[in-house]
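Protein chains get the first letters and strands the later ones, always in sequence-line order, with residue 1 at the start of each.
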Amino acid sequence: MSPAVETILEKYRNAKRDQLIPLLQEIQESEGYLSREAVARIGRHLRLPASKIYGVATFYNQFRFQSNGKHHIQVCRGTACHVKGSAKVLDALKRELKIDAGATTRDGLFSLEVVACIGACGLAPVISINGEFHANMTPDATRKLLRAIRREEEKSHAAD
Amino acid sequence: MIQIEVNNRPIQANEGETLLTALKREGIKVPTLCHLEGLFPSGACRMCVVEIEGVPGLVPSCAYPVREGMKIRTHSPKAVRSRKTIIELLLANHPDDCLYCVRNGECDLQDLAQELGVRQRRFQGARSSHKMDISSPAIERDPDKCILCGKCVRVCEEVQGVSAIDFIGRGSRTVVGPAFDEGMNVSSCVNCGQCVVVCPTGALREQSGLKRVISAIQNPKKLVVVQHAPAVSVTLGEEFGLKPGADVMGIMAAAFRRLGFDRVFDTSFSADVTIMEEAAEFIRRVQTGGRLPMFTSCSPGWIKFVEQFYPEFRENLSTCKSPQQMMGALIKSAFAEREGVPPEDIFSVSVMPCTAKKFECERPEMTGGDAPDVDAVLTTRELSRVIRMRGLDLKALEPEPNDSPFGERSSAGKLFGVSGGVMEAAIRTAHFMLTGKELDRPKIQELRGLDGIKQVHLEVGGIRMGFAVVSGLGNARRILEEVKAGRNDLHFIEVMTCPGGCIAGGGQPLSANLAAVRARMKALYEIDETSRVRTSHGNPSIVRLYGEFLGEPLGEKSHRLLHTRYHARDVLQ
Ligand code: SF4
Ligand code: SF4
Ligand code: SF4
Ligand code: FES
Ligand code: FES
């Protein structure tokens, strides 16, 4: 297990089960997501079965169970973006990538996250890829964008 | 005793019990979907609601204690309407797959929709469409049919101490499954099937072996051999309307032949072999300072439980294969030799009260070379299905005997079907092996009954020893923790995965309540009381098998065919 996780667990040395959520939050913050190994380790620490931890964690939207993809896509579902059709954009992303929000594509290229207003309402509907904003998205524009990224990836792959 | 009034009739109730318990005793049926006998009520489904005078709203009878003088209406219009609405809501996103569903005709959801007169789809919800999990050799999961009653989760955690599954996600997307929503095959599930038995719908079921068995029977090149476990003959009848505990041994043998099986063998016979090997192994451990306490090894759920949760106790497990696997190995060696049939032309089927046996027969250690010793496992329920499929009327069949050479059993072997039976059988034979004399009283009362943990200290062959009998893996955990903490008065511990033993196994008829399990247990003990041969070493067929084929218990042939090893397992716990 990563030393960072051990350090966090050390802090929660005498923790009881009711501290599961803050513990999960801290580990996710440090590791970016909750891995199988991390969940198993937390389970041993709190004497909780992994199925229970996973059950609790999936009850909340904030936890991820896969590492972020190379291109981490955040879709804003804030009010302004919603009014301008962010649901359709999210749909297009899910369909194109064949994953749900919170997941990472098998090739590790993309991951998808749904976030609240990211403070760029003027650009609505907006998505951000690795922190870079893309404004006025439509399903079509979304698909084009993804395909462009994929082409780039293939080219750099071929160059290797 | 207190007095309450139900539907304008006075009835008696016991202080401290729930309304549901009192109603049941009076034969008043209030439907339940999440109630589990013997466990703390969860109050999740609200099917069991009743009206109580002076109490606003409806109360769940499974969680509500009786009180002196309370006046209850179990089927008031309000209560019935509420139940009907619950069912209608549950059906809103249900697949309506009854015609193709394994539970068609024995589904609580279907029964309730019928009883409450649901005739149309009143609520339209998006049909759920989750992926099915058929990864496990024993248990299939079909989350679309799940009504989220939570019974499986509670049984797995509170009774079995395994916690392989839990609720995942929330709201309309909730499913029940293992951590990370992975396949059951890589989870900590021990394949016991207790969740299947309590599931009110077809959301959990056994992985079916019927197709393979039927096609083997239809293949003229195959010699199809069947063995039936000790606990099957006293439960199969329930599927056909007989009362719990009715022993249909001979009728079942007749049915096997009508179904096209070429030979009918009795797993109670190989249970006798197990006792010969296990008693000898126990004595050797005691006399040579081997690892103690020794644990029985006939229950495959328990084996996996040790391998994944307590690998440090692997050495304590008897190296004996289970009776199913011993029979399998004998069929493809001694029997094949005797018949002059190559083992690959034999298709070996076993009918078991158990879903974990499906997992066991696929273990790599259980496949002598490339061919498995047992090719397919059917549960008692699956056997009843194929009997119905072939239109056989059990009541019209005349009893027939099993076939030789593996059809003659002692009642000691038959006792494997009930918690405590293996230990009783083993003590009878260990005593004989040590002293050359039979026990004065073969019956060991302390090890009988449905308690989860039973123990006795006895002198066997001049040595005072501690014996414990445990059923339900939650109880096994308790004993293991005691041993881990230094308890050292126990020498031999029998563990059965299912509470009460195989008579309440995960492959048994779904009708089981505590009374039925008790009747099944009684039936097995009656067989023992009235049996001529009550010890494994006294079974003439066993004496012959050792004389003609095996040689000595723990001998070279036994070692190769009848014993095995265990491995630590890395699963997400
Ligand atoms: S689970 Fe019950 S109600 Fe659902 S399809 Fe199967 S039989 Fe029908
Ligand atoms: S088969 Fe047994 S161990 Fe597996 S999920 Fe069901 S109850 Fe739990
Ligand atoms: S799988 Fe069956 S027992 Fe488990 S919650 Fe669903 S309906 Fe209930
Ligand atoms: S609502 Fe999308 S950026 Fe504010
Ligand atoms: S049976 Fe009482 S609430 Fe479910």
Neighbour count above 12 (heavy atom, 6.0 Å) for E362(B) CD: yes
Minimum heavy-atom distance S51(A)-S163(B), with the two atoms named: OG-O, 2.6 Å
If you compare all heavy atoms of D181(B) against all heavy atoms of Y54(A), which two are closest, and at what distance to 0.1 Å? N-CE2, 3.6 Å
Crowding at CG, N130(A) (>12 non-hydrogen neighbours, <6.0 Å): yes
Compare all side-chain heavy atoms of F167(B) with those of T58(A) and state whether any distance is below 4.5 angstrom. no
One option among T174(B), V176(B), I165(B) has the most heavy-atom pairs under 4.5 Å with chain A, and it is I165(B)
Surrounding NE2 of H82(A) (heavy atoms of other residues, nucleotides or ligands, distance under 6.0 Å), is the total greater than 12? no
Heavy-atom distance under 4.5 Å between the side chains of V39(A) and F180(B), does that happen here? yes
Region of L34(A) in contact with chain B, defined by heavy-atom distances below 4.5 Å: backbone
Any chance CG of L39(B) has more than 12 other-residue heavy atoms, nucleotides or ligands included, within less than 6.0 Å? yes
Pairs of heavy atoms under 4.5 Å with chain B: top-ranked of G43(A), A50(A), A40(A): A50(A)
Within a radius of less than 6.0 Å around NZ of K88(A), do more than 12 heavy atoms belonging to other residues, nucleotides or ligands occur? no
Within the supplied structure, the quantity of interest is the number of heavy atoms (other residues, nucleotides, ligands) at a distance under 6.0 Å from K52(A) NZ; does it exceed 12? yes
